[in-house]
Amino acid sequence: MTLRKGEKMTISIQEHMAIDVCPGPIKPIKQISDYFPRFPRGLPATVGRSGTLRSAVSQPSVSPAEAPREEDEDVDQLFGAYGTTPAEQPAKCQAPEEAVDPEGYESDDCTTLGTLDFSLLYDQENNALHCTINKAKGLKPMDHNGLADPYVKLHLLPGASKANKLRTKTLRNTLNPTWNETLTYYGITDEDMIRKTLRISVCDEDKFRHNEFIGETRIPLKKLKPNQTKNFNICLEKQLPIDKTEDKSLEERGRILISLKYSSQKQALLVGIIRCAHLAAMDANGYSDPYVKTYLKPDEDKKSKHKTAVKKKTLNPEFNEEFCYEIKHGDLAKKTLEVTVWDYDIGKSNDFIGGVVLGINAKGERLKHWFDCLKNKDKKIERWHTLTNELPGAVLSD
């Protein structure tokens with residue numbers, strides 16, 4: 001077919017479809033496993049693509065347990081694959097605790113939620129538990145920017161959560177926060193150290209929504225030795241259910257620090273109301289406006305009532321007030337000291353928070369405190385006592 005100058009060659013559709021444009025038979029695309037073949041440990045290689053690889057795994061005189069593994073381990077690290085048999089994999093996962101890389105994590109929860117570094121100290125003399133929150137590492141991202149605004153809160157279990165909650169400041173936009181904050185619980189007794197558990201939670205603060213839970217850990221206080229700091233660096237766990245089977249009839253409502261002293265010079269019992277700690281919240285704002293009343297009973301003349309000042313919007317008030325009851329020392333054995341804590345409300349009846357009774361009919365620390373006062377004239381004796389929600393009905397109305 002000849003073409004004149006300037007003419008274009010035209011091909012009919014039939015001719016176009018008949019042109020053989022196939023370069024040849026289509027070959028299967030090679031997979032990555034063809035270049036890096038996997039062999040069971042100890043078996044000879046059947047694919048000879050790499051002389052080095054073949055020599056590393058196909059020596060017939062070496063047993064499976066003694067076969068060199070350096071080349072295979074390099075490939076494993078590059079591609080994140082493990083050529084172990086199913087029987088070998090659990091052994092690799094269950095490495096002893098000492099062999100764990102301190103920069104890594106020991107479990108899926110650790111990898112997902114992060115770790116927390118903190119220390120605890122029980123000051124037995126001052127009945128205080130000091131919780132130092134140092135830092136967290138590798139926290140779970142909670143915000144759209146891939147970061148979080150973490151803070152730590154503490155609770156003592158069992159007990160009212162609002163009454164004994166402590167928390168750190170919030171650090172913005174970080175997954176590796178450093179707080180270096182010490183939070184202190186006052187009024188912690190040896191009995192508390194035996195039966196209570198400290199719950200430490202890490203949360204993400206959200207300005208426009210509810211704060212989100214990241215992870216938690218729980219430390220039984222019986223693990224601590226008095227006056228010895230114990231350091232912890234442990235993985236955070238998912239939220240655990242709180243045991244709600246505890247007896248609510250004697251629910252804890254906070255703690256109160258009371259001093260007793262019989263003054264021989266004044267011929268009187270001096271009752272000091274020093275402070276309260278972790279009171280139950282009675283108002284909608286999550287606080288109370290507490291004050292304390294004391295009675296020395298039986299009180300035939302109705303003159304034994306004393307009352308402290310009201311402390312506004314606090315669950316940990318300090319009063320430092322002292323009341324004087326003129327009474328002969330020999331008559332104290334027949335008396336009972338009732339101490340009640342109330343929440344002050346304007347325009348309506350005040351709410352009962354909790355109370356404690358000291359006297360010959362009391363038990364435990366309350367009885368011991370009373371007897372120590374009777375035996376040690378002119379000596380001030382301070383003790384922390386637990387407030388409960390049950391007292392004789394005569395004092396349940398203010």
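Atoms NZ and CH2, on K169 and W179 in that order, are 9.5 Å from each other to the nearest 0.5 Å. Atom CG of L337 sits about 6.0 Å away from atom CG of L296, to the nearest 0.5 Å. Rounding to the nearest 0.5 Å gives a distance of 10.5 Å between OH of Y122 and NE2 of H130. Annotation: the span from L221 atom CG to D190 atom CG amounts to 11.5 Å, rounded to 0.5 Å. Atom CE in M282 sits 11.0 Å away from atom CG in L315 (nearest 0.5 Å). Atom CG of L279 and atom CG of L387 lie 6.5 Å apart (nearest 0.5 Å).
Nearest approach of Y186 to A277, heavy atoms of both residues: O-CB, 3.9 Å. Listed here is the closest heavy atom pair of T184 and A128: CG2-CB, 4.0 Å. Nearest heavy atoms, D378 versus S263: OD1-CA, 3.5 Å. When every heavy atom of R167 is checked against every heavy atom of L183, the shortest pair comes out as O-CD2, 3.7 Å. D343 and D289 make their closest contact through OD1-N, 2.6 Å (heavy atoms, listed as atom of the first residue, atom of the second, distance). Scanning all heavy atoms of the two residues, the minimum distance from K261 to C373 falls at N-SG, 4.1 Å.
The aromatic rings of F352 and W342 lie perpendicular to each other, with more than 60° between the two planes, well past the 30° mark.
With hydrophobic clusters built from ILVMFWY side chains whose heavy atoms lie under 4.5 angstrom apart, I200 shares a cluster with L166. Cluster annotation: I353 is not connected to W384 through the hydrophobic network of ILVMFWY side chains, with a link wherever side-chain heavy atoms come within less than 4.5 Å. Under the 4.5 Å side-chain heavy-atom criterion for Ile, Leu, Val, Met, Phe, Trp and Tyr, L116 and L224 are members of the same hydrophobic cluster. No continuous path of ILVMFWY side-chain contacts below 4.5 Å connects Y185 to I274, so the two sit in separate hydrophobic clusters. In terms of hydrophobic clustering, with Ile, Leu, Val, Met, Phe, Trp and Tyr side chains grouped at heavy-atom distances under 4.5 Å, L270 and F371 are assigned to different clusters.
Although no hydrogens or angles enter the test, the distance criterion places no donor-acceptor pair under 3.5 Å between the side chain of E212 and the main chain of D206. Of the possible polar contacts, one joining the S288 side chain to the A280 backbone as a donor-acceptor pair under 3.5 Å is found. N350 places a side-chain N or O within donor-acceptor distance of the main-chain N or O of D345, the cut-off being under 3.5 Å. Listed for the T308 side chain is a donor-acceptor partner under 3.5 Å among the backbone atoms of V292.
When side chains are defined from C-beta on, L113 counts as touching K238, because their heavy atoms get closer than 4.5 Å. Between I214 and C203, every side-chain heavy-atom pair lies at or beyond the 4.5 Å cut-off. Residues N134 and T178 have side chains not in contact (no heavy-atom distance under 4.5 Å, counting atoms from C-beta outward). Residues H306 and Y295 have side chains not in contact (no heavy-atom distance under 4.5 Å, counting atoms from C-beta outward). Between I234 and I219 there is a side-chain heavy-atom pair separated by less than 4.5 Å. A heavy-atom distance below 4.5 Å is found between the side chains of E216 and Q239. At a threshold of 4.5 Å between non-hydrogen side-chain atoms, the residues P317 and Y291 do not count as touching.
Identified under the side-chain hydrogen bond (donor to acceptor under 3.5 Å, both in side chains) test for residues 362-372, with sequence neighbours left out: K368-D372, H369-H385, D372-R383. Applying the salt bridge (Lys or Arg N to Asp or Glu O under 4.0 Å) test to every pair with at least one member in residues 115-130, sequence neighbours left out, gives no pairs at all.
For the residue pair R253/T388, the side-chain donor-acceptor check at 3.5 Å is not satisfied.
Other residues, nucleotides and ligands place more than 12 heavy atoms under 6.0 Å from the CZ atom of F213. Heavy-atom contacts from other residues, nucleotides or ligands closer than 6.0 Å to NZ of K196 number more than 12.
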### Query
Is there a side-chain contact (heavy atoms from CB on, under 4.5 Å) between K165 and L154 once you walk through the steps?
CA-CA 5 Å; K165 183 180 80 171; L154 310 179; over 6 Å; no

### Query
Do H278 and N316 pass the side-chain contact (heavy atoms from CB on, under 4.5 Å) test, and can you show the C-alpha distance, the side-chain angles, and the key distance before you say yes or no?
CA-CA 6 Å; H278 325 309; N316 299 281; 3.5 Å; yes

### Task
Report the C-alpha separation of K135 and N176 in whole Å, then their side-chain angles, then the decisive distance to 0.1 Å, and conclude whether the side-chain contact (heavy atoms from CB on, under 4.5 Å) test is met.
CA-CA 7 Å; K135 60 184 178 179; N176 301 287; over 6 Å; no

### Task
Please step through side-chain contact (heavy atoms from CB on, under 4.5 Å) for the pair D192 and R195, ending with a clear verdict.
CA-CA 5 Å; D192 293 327; R195 68 185 187 89; 4.2 Å; yes

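Between E338 and K293, no side-chain nitrogen of the basic residue sits less than 4.0 Å from a carboxylate oxygen of the acidic one, so the salt-bridge criterion is not met.
For F232, the ring-ring contact (aromatic ring centres under 6.0 Å, His included) test picks out F118, with sequence neighbours left out. Residues passing the side chain to side chain donor-acceptor pair (under 3.5 Å) test with Y325 are T294, sequence neighbours excluded.
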Quick one: side chains of residues 326-335, donor-acceptor pairs under 3.5 Å with protein atoms, not counting sequence neighbours, listed by atom name and distance.
from : atom 1 : to   : atom 2 : distance (Å)
H329 : NE2    : L374 : O      : 2.9
K335 : NZ     : P298 : O      : 2.8

Side chains of residues 144-153: which donor-acceptor pairs under 3.5 Å do they make with residues two or more places apart or in other chains?
from : atom 1 : to   : atom 2 : distance (Å)
N145 : OD1    : L147 : N      : 3.0
N145 : ND2    : N173 : OD1    : 3.2
D149 : OD1    : N173 : N      : 2.9
Y151 : OH     : N211 : ND2    : 3.1

